[in-house]
Amino acid sequence: MAEAQQEAAQTEHDAKQYTLKVRRYKPESGDGPYWESFDVELDPTLSVLDGLLQAKDREDGSLAVRCSCRAAICGSCGVKINGKSTLACLIQIGEAHEAANRRNGGGEPIVVEPMGNMPVVKDLVTDMESAHWEKIRRVTPWLLDDGDPPERERVVPPESMVDITQTIACIQCGACVSACLSMEVDPDFIGPAALAKAYRFVGDPRDVETRERLYDLAQDPHGIYDCTHCFSCIDACPKGVAPMDQIMRLRRAAGNEEIDDKNNGHRHEAAFVNIIRKKGTLDESLLLQESYAQGVKGKLIPKPAAIKGLVGSIPTAVRGIRTGKMRSLRKLIPGMHHKLPGDGTEYVGRIYEHAEEHATELNLYITGEEGEEPAPKESDERQAEAVTAPAAEPDETVASADGGDAEQPGPDQEAQR
Amino acid sequence: MTGDLKLAYWPGCVSRGFTPELHGSMALVSERLGIELVTLDRANCCGAGVIAEHNQELADTLNARTFALAQQTGLAMMNICSTCQGAQSECQQRLDADSAYRAHVNEALSGEGLQYEKDKGGWTNKNFLWVLVEDYGLDRLKAAVKRPLSGLRVGPFYGCYIVRPKHRLGYEDHPERDLYLEQVIETLGGEVVDYDGSRKCCGFPIVTMNRDTSLRQAGTHIGDALDQGADCLVTPCPLCHLNLDMQQPEAAKIVNRDLGLAILHLPQLVGLALGYQPGDLGMGTHIASTSWVGERLAGVPA
């Protein structure tokens, strides 16, 4: 008891002053958004959410912020802190203060804004319907089975579910959607949260419409090939879901299914991979030709979208020749690019043979990193999902691409429904 | 100046393809700074994330080969492309995370007598930007400046692969890596322009798949930088350069506004401050005119 009192006194003693600069918006006023600063006083280890709630409590009860668990479990308090999409309860206020003052050493307020890429209802509360929930529904977020209900549950080997535990960790907070740089310019992009959810079913051995799902997401101009690979969602996610990695897995799966999408996504990937096999380094002219129009050599008929893309790239090429950027016409001729010296390409070819034979996919979310303590927040999750990876034996770690050799026990809560 | 910094140098594919001015200016700048570069001419493409998308082990093995070639020289490695940095760091993270996997990947390299070793003598792979700040040093860079970039308003453009994800890219040990461009610009005597797009995506990875989304990103960031009064952008990534410079006229059509902003490769900006002329650094070959940068600096004696 005395200890607790002492601790409380200590906490009070450690309280520091912070300024929260909050982007506010009151729809009923008819005015646009505006900035308002609140001075708060609290321990640096408390969260930005605690700061916001203190401001609401002491200064302005009308300050709107959505929250519930205050422990990064419920996913309600998504905001942007100093421009970064996250949960308000996950970031310590002292840490946020330091981040706000990285460049000028002090005096800058902690900037708190509503999440991006979605309409604001009031102050820090956003409407997640159009940017998030509608897109989640878009990917058919339920199991499509063979229509023949089993007597009890559908039994699958636990290890076949380990792969999708990462996507199952999603708490639907919308931080990745807020951070998505493709969605910023293309609001129709299905987006990181929904595509991660899509992988949750594509990777589920019980789902019977894997190819149909992949075909749908590959053909959609705002689907898996609209992700610009910027990693924003990976850093924004409070749960380590790494939505972009899930999108890349969807692309890999679509490629393995040889889905020849009209966005040139698969052709681009296949062309890239083949050029490096042949030459060791990238020949951009050949990549353009093969991504767009393999039909030039009579192999395949280019799709209308490919012709459009190829024609669209002509002005750029002409400008390049004019300025001397493409030093000679020769440089623009596909296949004239240099090869690796000596027997370099031969060794690259052998690497292809070896990697294609095994096609190992290592997911560090599942296996962890040697020599590093897992981050506390991640280890909590891992325990919650009972995916406790034992010290990996060589044969276990080198799992095949379909995850079939992954030996970690992984009873999955959704699998046991 | 004799160099005490000697590095295994991976120029990447694009610097010898569509952006030869990057490779050329890097050669000039390293010589003047006294950084000795040993080119890894047998090394292969990093895969740019695309090969990993196809087959993760393939990308990891290809990059393990490049790392092993660098380690064979006994030198730390330097790249000049944010995308190489990001794609290679991703593979290195997996290789370093798991000794059994590393051994498996090394099997594929054994025929060539190569092996990638984790932490071999503190071995690192760094972009020129990181080398400049962490190994060469800003004080030393400042001392090497012959023509301060006074009055030149420069917007930093990092490229996604060198700023995210933070854990993979060593931000725990080097938390200011996403401020280095600002630090370099100031060290060279230039003025930093803050604008919304400096750490956003140029859109390049999907230019052949969704041209509108891709070029809208490039055009928006260039427009934002212009609105903040930038004379030019500087980038450590040649792929960003392709979308920001080579595609700039097309991006302008998509965002429906006049652009016309010079986009410099990092070694070009450093080279200008070291006293090279824009022509020496291949700036005349850019699509977006760099003449304004030249005019700005004309008054400053080299």
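Within every chain, numbering begins at 1; the chains are lettered A, B, ... in the order of the sequence lines, protein sequences first and strands thereafter.
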Close side-chain approach of A:F231 to B:C201, heavy-atom, < 4.5 Å: no
Interface moiety of B:A52 toward chain A, non-hydrogen atoms closer than 4.5 Å: backbone
Side-chain donor-acceptor pair present, B:T213, A:D226, cut-off under 3.5 Å: yes
Sub-4.5 Å side-chain heavy-atom contact between B:M209 and A:H268: yes
Max heavy-atom pair count under 4.5 Å with chain A, selected residue of B:G12, B:A108, B:A48, B:A103: B:A108
Option from B:Q217, B:R216, B:K200 for which side chain to side chain donor-acceptor pair (under 3.5 Å) with A:E184 holds: B:K200
Where at least one partner belongs to residues 40-49 of chain B, residue pairs that pass salt bridge (Lys or Arg N to Asp or Glu O under 4.0 Å), sequence neighbours excluded: A:D343-B:R42, B:R42-B:E112
Option in B:I206, B:T220, B:N44 with maximal non-hydrogen atom pairs under 4.5 Å from chain A: B:I206
Between OH on residue B:Y101 and CD on residue A:E370, distance to nearest 0.5 Å: 13.0 Å
Test side chain to side chain contact (heavy atoms under 4.5 Å, CB included) applied to B:I51 and A:Y352, step by step: CA-CA 11 Å; B:I51 291 183; A:Y352 269 74; 3.9 Å; yes
NZ/NE/NH1/NH2 to OD/OE distance under 4.0 Å, B:D178 and A:R102: yes
CD (A:E95) with more than 12 external heavy atoms under 6.0 Å: yes
Geometric class of the A:H354/B:H104 ring pair [parallel <30°, tilted 30-60°, perpendicular >60°]: tilted
Partners meeting side-chain hydrogen bond (donor to acceptor under 3.5 Å, both in side chains) with B:E186 (sequence neighbours left out): none
Under 4.5 Å from any heavy atom of chain A - which part of B:V192: side chain
Residue pair A:E369 / B:Q93, side-chain heavy-atom distance below 4.5 Å: yes
For the student: nearest non-hydrogen atoms of B:F18 and A:E284, plus distance: N-OE2, 3.0 Å
Partner chain B: residue of A:I234, A:I275, A:N363, A:V348 with the largest heavy-atom pair count (under 4.5 Å): A:V348
Option in B:G47, B:C160, B:A97, B:A64 with maximal non-hydrogen atom pairs under 4.5 Å from chain A: B:A97
Atom pair CG (B:L58) and CD (A:E353), whose distance is rounded to the nearest 0.5 Å: 11.5 Å
Test salt bridge (charged side-chain N to carboxylate O under 4.0 Å, His left out) applied to B:R16 and A:D283, step by step: CA-CA 10 Å; B:R16 294 177 292 185; A:D283 176 337; over 6 Å; no
Verdict with reasoning, B:C45 to A:F272, per side chain to side chain contact (heavy atoms under 4.5 Å, CB included): CA-CA 10 Å; B:C45 174; A:F272 197 116; 3.8 Å; yes
Among the listed options B:S99, B:G49, B:A43, the residue most often paired with chain A at heavy-atom distances under 4.5 Å: B:S99
Among the listed options A:R350, A:M244, A:R252, the residue most often paired with chain B at heavy-atom distances under 4.5 Å: A:R252
B:V163 versus chain A, the contacting section by heavy-atom distance below 4.5 Å: backbone
Euclidean distance, B:L40 CG relative to A:L340 CG, rounded to 0.5 Å: 11.5 Å
Point-to-point distance, once rounded to the nearest 0.5 Å, from SG of B:C91 to CG of A:L362: 11.0 Å
Contacting region of B:R94 [heavy-atom separation from chain A under 4.5 Å]: both
Max heavy-atom pair count under 4.5 Å with chain A, selected residue of B:E176, B:K166, B:Q248, B:E107: B:K166
Electrostatic pair A:D235:B:R168 at N-O distance under 4.0 angstrom: no
CD (B:E172) with more than 12 external heavy atoms under 6.0 Å: yes
Residues B:E53 and A:R251 bridged, charged N to O under 4.0 Å: yes
OG1-CG distance between A:T360 and B:D60, expressed to the nearest 0.5 angstrom: 8.5 Å
Minimum side-chain heavy-atom gap A:R103-B:D194 below 4.5 Å: yes
Pick from B:H54, B:Q56, B:R164 with the largest number of heavy-atom pairs that fall under 4.5 Å of chain A: B:R164
4.5 Å side-chain heavy-atom contact, B:N210 and A:D186: yes
Top of A:L250, A:I247, A:V273 for chain B proximity - count of heavy-atom pairs under 4.5 angstrom: A:V273
Closest-packed option against chain B by number of heavy-atom pairs under 4.5 Å, given A:C227, A:S232, A:P221: A:S232
Test side chain to side chain contact (heavy atoms under 4.5 Å, CB included) applied to A:I351 and B:L109, step by step: CA-CA 7 Å; A:I351 286 175; B:L109 305 181; 3.7 Å; yes
